[in-house]
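Each remark here refers to the structure printed beneath this line.
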Amino acid sequence: MTNQIVNEIAEKNNIAIIEYPFESFKACSLENNDKYYIGINKNSFLNEAEINTAKAHELGHCMTGALYCEHSPLFTQEKCEYRANRWAIRKLVPKSLLIDYFKKGYQMWEIAEEIDLTEEFLWQAYYHYFR
């Protein structure tokens, strides 16, 4: 489900998702000539949930324009990471979705398995909405 949603958003917004065997990182996003790209090294992830979470996060960078380079000040990097995560959370894990699962008695790990995102990402969503 999540993989399909992320891929549809990327396609609709003309964002290319490319598999690439990066050596120093798992995923990245970049802009070149007004076109956004997401690079994913699938071999560096343990499962589909991790891949989906990374793709969603990188899509958040593209959709919000929250890009930076490795030499950017730490404050800028953290601000961009926050914006990317916030976008991904709001798009893929709306507050109502979490509430519905909680009402059904699901634990966080069960929700993560159900929607194919990492439990860590769902905890970020929880703290985003309920903190």
Between [X] and [Y], is there a shared hydrophobic cluster once you connect ILVMFWY residues whose side-chain heavy atoms come closer than 4.5 Å?
X    : Y    : result
I40  : I18  : no
V93  : W123 : yes
L117 : L46  : no

Exercise for the section: Taking the side chain as every heavy atom from C-beta outward, state whether I115 and N52 have any atom pair closer than 4.5 Å. Expected result: no
Handout entry: Beyond-backbone contact of T2 with L92, side-chain heavy atoms, under 4.5 angstrom
Key = yes
Handout entry: salt bridge (charged side-chain N to carboxylate O under 4.0 Å, His left out) partners for E19, two or more places apart
Key = K42
Can you measure from [atom1] ([X]) to [atom2] ([Y]) and round to the nearest 0.5 angstrom?
X    : Y    : atom1 : atom2 : result
L98  : Y126 : CG    : OH    : 9.5 Å
L97  : I111 : CG    : CD1   : 7.5 Å
W109 : T118 : CH2   : OG1   : 15.5 Å
S72  : K79  : OG    : NZ    : 12.0 Å
E11  : I17  : CD    : CD1   : 9.5 Å

Handout entry: Selection residues 57-67 - residue pairs positive for side-chain hydrogen bond (donor to acceptor under 3.5 Å, both in side chains), sequence neighbours left out
Key = S29-E58, H57-H61, H57-E81, H57-N85, H61-E81
Any donor and acceptor pair, going by atom type alone, linking the side chain of [X] with main-chain N or O of [Y] inside 3.5 Å?
X    : Y   : value
Q124 : I89 : no
N41  : N43 : yes
T53  : A49 : yes

Fill in the blank from the handout: Here the ring-ring contact (aromatic ring centres under 6.0 Å, His included) pairs for residues 13-40, sequence neighbours left out, are Y20-F22, F22-F25
Handout entry: Sequence neighbours excluded, every pair satisfying ring-ring contact (aromatic ring centres under 6.0 Å, His included) that has a member inside residues 74-101
Key = Y101-Y106
Fill in the blank from the handout: All heavy atoms of C80 vs all of A66, minimum pair found to be CB-O, 3.5 Å
Completion exercise
Quick note, salt bridge (Lys or Arg N to Asp or Glu O under 4.0 Å) partners involving residues 92-103, not counting sequence neighbours, are none
Practice task
With sequence neighbours excluded, give me every salt bridge (Lys or Arg N to Asp or Glu O under 4.0 Å) pair touching residues 104-122.
Solution key: none
Handout entry: Full working for side chain to side chain contact (heavy atoms under 4.5 Å, CB included) between L59 and I9
Key = CA-CA 8 Å; L59 192 54; I9 294 169; 3.6 Å; yes
Exercise for the section: Mind running side chain to side chain contact (heavy atoms under 4.5 Å, CB included) on H128 and R90 for me, showing each step along the way? Expected result: CA-CA 9 Å; H128 173 76; R90 289 180 177 173; 3.4 Å; yes
Exercise for the section: Could you please spell out the steps behind the side chain to side chain contact (heavy atoms under 4.5 Å, CB included) verdict for L30 and L67? Expected result: CA-CA 7 Å; L30 62 94; L67 301 173; 5.7 Å; no
Exercise for the section: Can you establish whether the number of heavy atoms outside K35 located under 6.0 Å from its atom NZ is more than 12? Expected result: yes
Practice task
Could you tell me how the ring of F130 sits relative to the ring of F102: parallel (under 30°), tilted (30 to 60°) or perpendicular (over 60°)?
Solution key: tilted
Problem - Audit row: C62, I38, side chain to side chain contact (heavy atoms under 4.5 Å, CB included) steps and yes/no - result: CA-CA 8 Å; C62 296; I38 295 172; 3.9 Å; yes
